[in-house]
Amino acid sequence: MRVKFNVAYKGTNYNGFAKQKDNIITIQGLLEQAIYELTQQVVTVIGSGRTDTGVHAINQVCLMDINTDAFHIPLNRFSRAMNAKLPNDIVVKHVEEASDDFHPRYAVKVKTYRYQILYDDYRDPFIDDVCYFYPYHLDIDRMKKGAQYIVGTHDFKCFCSANTQVKTTVRTIFKLDINLIKNVIQIDIAGSGFLYNMVRIIVGTLIEVGRGKMEPEFVEEIIASTNRDNAGPTAPAKGLTMYDVAYE
């Protein structure tokens with residue numbers, strides 16, 4: 001049986017989603033360990049995307065294939081059983097049987113990330129793990145002007161970490177919204193897919209625009225150049241959250 005389930009996690013204490021060598025603690029590794037403890041089956045959990053060390057998720061969609069002959073937990077109780085085996089900063093929810101042709105990564109139509117910047121004079125200990133603290137002046141209107149050049153289908157090689165091995169660096173960004181909610185700047189980016197560190201480099205570039213170190217119109221030139229050196233720095237991982245994954 002193919003089982004689809006959603007996972008929310010705070011990535012602060014983990015070395016990303018994907019399982020790694022040398023017993024490094026990851027989200028995938030802990031999920032597979034919990035499933036084994038419950039079912040005595042060795043399974044591979046496939047996620048809708050790889051999140052890096054320190055990156056969070058509200059809606060990471062996962063899939064596993066499991067032998068029903070040895071699987072005695074009803075699906076409507078599976079999340080409760082899993083959560084009893086997992087740390088409190090990882091939560092399994094919305095468990096259901098999946099079709100044979102479903103793949104959590106290849107079937108994605110739209111993936112949405114949210115980057116949060118704490119825009120204040122002081123740190124906030126209650127949200128520090130999920131926000132990038134930035135106490136310097138940012139002109140949000142300038143950031144919005146720069147963001148408009150990113151929406152659409154482009155070669156985003158300039159917003160990709162060097163030496164990333166992919167077939168193509170062309171992606172489509174459907175929307176890029178920037179809003180100030182009290183003292184938190186929320187940057188929501190929805191696209192067909194993202195390159196390695198793409199969202200964090202986009203945020204770092206928009207911060208440069210907001211600080212006045214770069215004109216908004218220069219974002220268009222950065223994209224045209226396809227040169228990573230022309231874009232801004234990579235924003236810290238802790239401000240990034242995989243926010244939503246849509247299949248239809």
Q: Please determine if Arg142 and Glu215 form a salt bridge, counting it only when a charged side-chain N lies under 4.0 Å from a carboxylate O.
A: yes
Q | Under-4.0 Å salt bridge between Asp155 and Lys157 | A | no
Q. Any idea how Tyr136 and Tyr134 line up, ring-wise: parallel (<30°), tilted (30 to 60°), or perpendicular (>60°)?
A. perpendicular
(Q) Treating Lys144 as the side-chain partner and Asp139 as the backbone partner, does any N or O pair qualify as donor plus acceptor under 3.5 Å? (A) no
Q) Within 45° of the ring axis of Phe194 and under 6.0 Å from its six-membered ring centre, is that where the NZ or CZ of Lys111 lies? A) no
Q.
Is any side-chain heavy atom of Gln60 closer than 4.5 Å to one of Leu31?
A. no
Q: Could you tell me whether Arg2 and Asp100 make a salt bridge, using a distance below 4.0 angstrom between a side-chain N and a carboxylate O?
A: no
Q: Determine the interplanar angle of the Phe156 and Phe159 rings, folded into 0 to 90°, and report it as parallel if under 30°, tilted if 30 to 60°, perpendicular if over 60°.
A: parallel
Q: Give me the ring orientation class for Tyr119 and His137: parallel if the planes are under 30° apart, tilted from 30 to 60°, perpendicular past 60°.
A: tilted
**Q.** Tyr149, OH atom: more than 12 neighbouring heavy atoms under 6.0 Å
**A.** yes
Q) Do the side-chain N and O atoms of Arg200 and Tyr132 include a donor-acceptor pair separated by under 3.5 angstrom? A) no
**Q.** Same apolar cluster (I L V M F W Y, side chains within < 4.5 Å links), Phe218/Val209
**A.** yes
Q) Quick one: are Val166 and Tyr196 in side-chain contact, heavy atoms under 4.5 Å? A) no
